[in-house]
Amino acid sequence: MTGSRVVALGHYQPAKVLTNEDLAAMVDTNDEWIRSRVGIKTRHIAGPEEPVDELAFQAAGKALANAGLSPDDIDLVLVATSTAIDRSPNMAARVAAKLGMSSAPALMDINVVCSGFTHALATADHAIRSGSATRALVIGSDKMTEITDWTDRTTCVLTGDGAGAAVVEASEEPGIGPVLWGSVPEMGHVVRIEGTPPVFAQEGQSVYRWTTSQLPALARKACEKAGITPEELAGVVLHQANLRIIEPLANKIGAVNAVVARDVVDSGNTSAGSIPMALSKLVERGEIPSGAAVLLFGFGGNLSYAGQVIRCP
């Protein structure tokens, strides 16, 4: 085998929905202010009975079912998350246990915040290409509302909870393109999850300026590494941070024929869960045909970024 491909996807969101009107009763804000600044209408909120690993488990089960596979068909589990409170067992181990895996899979958590899923997907691709794994379960899962300061109207309007998962397996024809990844370490302070208990905070204007000015060229370079032009993309799934960031980015990339994921409107910013969840929904609705080229590009905490072009399952 010379590569790997995504063969199935799945996603999960908690049932409870928090509207902009609900937020207006909690903090000094309103629907018009939120929509005009971040483009979000609603977000899903997990209860105490839904920790991060439960969200990941639910998404993973759906991805496996969609692939027609059993948990024991998997030999690598990667969970991208930045909201795992427990250090050990890690979230990958908890998910494997919940799924009843007895195949002795390798288990790793990856914390690159909002670009965690695309980092994890690249890691799975590398492991499969090297022969270290044959089939991987790659999950992005975050419970952002657990680390949200509900008195800060600039951040509490952003966050939601959810998870998305992908099944990745060896393939004769590569279906996951080369990753473009990197960071801006000296600007890591502009997105933070710090303290005890940990709290999410960010310098919104710094993030906005960096993403809208620097990321279009990086996204085009990810396409170049995959050997395609932006015009050939059928889909663009960026980290669902803020509609005011997503729409200008999609335009500047030049993907004029692509469906652009806008799941942030209904789901808010779910950090590592945002890309796989948005992609899973697009595929479930049949908005991107099987085999079509899709750009995935994550960015955020640490001002880390990772992007690759995949073939839609």
Side-chain angles (χ1 to χ4, degrees), residues 6 9-14 17-18 38-46 52 55-56 58-60 62-63 78-84 91 110-122 138-148 155 157-166 181 191 193 200 202 204 207-208 211 215 219 235-247 249-250 259-285 287-288 294-308 310:
V6 176
L9 298 157
H11 65 275
Y12 176 78
Q13 290 178 280
V17 174
L18 189 71
V38 297
I40 298 170
K41 295 191 298 183
T42 59
R43 64 288 290 150
H44 291 248
I45 309 296
V52 173
L55 305 179
Q58 294 289 345
K62 291 180 180 179
L78 301 173
V79 176
T81 185
S82 57
T83 55
M91 295 301 100
I110 294 178
N111 178 1
V112 203
V113 202
C114 304
S115 61
F117 178 79
T118 44
H119 276 83
L121 186 62
V138 184
I139 308 165
S141 180
D142 269 310
K143 189 175 180 180
M144 290 297 291
T145 62
E146 197 163 63
I147 59 167
T148 296
T155 56
V157 302
L158 294 170
T159 56
D161 303 328
W181 54 14
V191 181
I193 302 173
F200 164 58
Q202 70 173 9
V207 174
Y208 179 81
T211 53
L215 287 190
V236 171
V237 184
L238 307 173
H239 165 50
Q240 302 293 290
N242 177 332
L243 198 62
R244 288 183 61 216
I245 292 175
I246 293 167
E247 291 184 331
L249 270 179
V259 174
V260 177
R262 293 179 172 85
D263 189 50
V264 67
V265 174
D266 301 312
S267 301
N269 181 340
T270 56
S271 193
S274 79
I275 287 177
M277 195 161 63
L279 178 62
S280 178
K281 290 180 182 181
L282 290 176
V283 171
E284 187 175 78
R285 295 194 297 261
E287 294 187 35
I288 303 176
V294 181
L295 171 67
L296 311 181
F297 207 98
F299 55 87
N302 319 305
L303 286 197
S304 293
Y305 55 85
Q308 62 270 96
I310 73 163

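- Side chain to side chain, Thr81 and Asp142 meet the donor-acceptor criterion of an N or O pair below 3.5 Å.
- Side-chain atoms of Asn302 and Val191, non-hydrogen and from C-beta on, never get closer than 4.5 Å to each other.
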Evaluate the criterion side chain to side chain contact (heavy atoms under 4.5 Å, CB included) for residue pair Ile40 and Leu243; output intermediate values, then yes/no.
-> CA-CA 7 Å; Ile40 298 170; Leu243 198 62; over 6 Å; no
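- Rounded to the nearest 0.5 angstrom, Thr83 OG1 and Asp161 CG are separated by 8.0 Å.
- Annotation: the span from Ser115 atom OG to Leu121 atom CG amounts to 12.5 Å, rounded to 0.5 Å.
- Put simply, the side chain of Phe297 does not reach to within 4.5 Å of the side chain of Thr118, judged on heavy atoms.
- Between the Arg43 side chain and the Val157 main chain, a donor and an acceptor come within less than 3.5 Å of each other.
- Among all heavy-atom pairs drawn from Arg244 and Tyr208, the shortest one is O-CE1, 3.5 Å.
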Asp266 and Lys41: CA distance, side-chain angles, deciding distance, side chain to side chain contact (heavy atoms under 4.5 Å, CB included) verdict | CA-CA 6 Å; Asp266 301 312; Lys41 295 191 298 183; 3.7 Å; yes
Give the C-alpha distance, both sets of side-chain angles, the deciding distance and a yes or no for side chain to side chain contact (heavy atoms under 4.5 Å, CB included) between Ile245 and Phe299.
-> CA-CA 11 Å; Ile245 292 175; Phe299 55 87; 3.9 Å; yes
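- Using a cut-off of 4.0 Å between Lys/Arg side-chain N and Asp/Glu carboxylate O, Glu247 and Arg262 are scored as salt-bridged.
- The two residues Leu9 and Ala166 have their closest heavy-atom pair at CD2-CB, 3.7 Å.
- Atom CD of Gln308 is separated from atom CH2 of Trp181 by 9.0 Å, given to the nearest 0.5 angstrom.
- Two residues are said to be in side-chain contact when any heavy atoms from C-beta on lie closer than 4.5 Å; Glu284 and His11 meet this criterion.
- Residues Ala120 and Ala80 share a closest heavy-atom pair of CB-CB, 4.3 Å.
- Rounding to the nearest 0.5 Å gives a distance of 11.5 Å between CG of Leu158 and OG of Ser271.
- Scanning all heavy atoms of the two residues, the minimum distance from Ala60 to Ile139 falls at CB-CD1, 3.8 Å.
- Note that the OG1 atom of Thr211 and the CG atom of Leu249 stand 5.5 Å from one another [nearest 0.5 Å].
- Looking at Ser280, its side chain never comes within 3.5 Å of a backbone N or O of Pro276 through a donor-acceptor pair.
- Atom-to-atom distance recorded for Cys114:SG and His119:NE2 is 11.5 Å, nearest 0.5 angstrom.
- Nearest heavy atoms, Gly10 versus Ala63: N-CB, 3.7 Å.
- Side-chain contact check for Leu279 versus Ile310: some heavy-atom pair is nearer than 4.5 Å.
- Under the side chain to side chain contact (heavy atoms under 4.5 Å, CB included) test applied with Thr159, the options Thr145, Thr270, Ile45 reduce to a single match, Thr145.
- Shown are Ile147, Ile193, Val112; of these, the side chain to side chain contact (heavy atoms under 4.5 Å, CB included) with Ser82 is made only by Ile193.
- Side-chain contact, Gln13 with Ser267: a donor N or O sits under 3.5 Å from an acceptor N or O.
- Listed here is the closest heavy atom pair of Val237 and Ala278: CG1-CB, 3.9 Å.
- Checked by atom type and distance alone, the side chain of Gln240 pairs as donor or acceptor with a backbone atom of Asp263 at under 3.5 Å.
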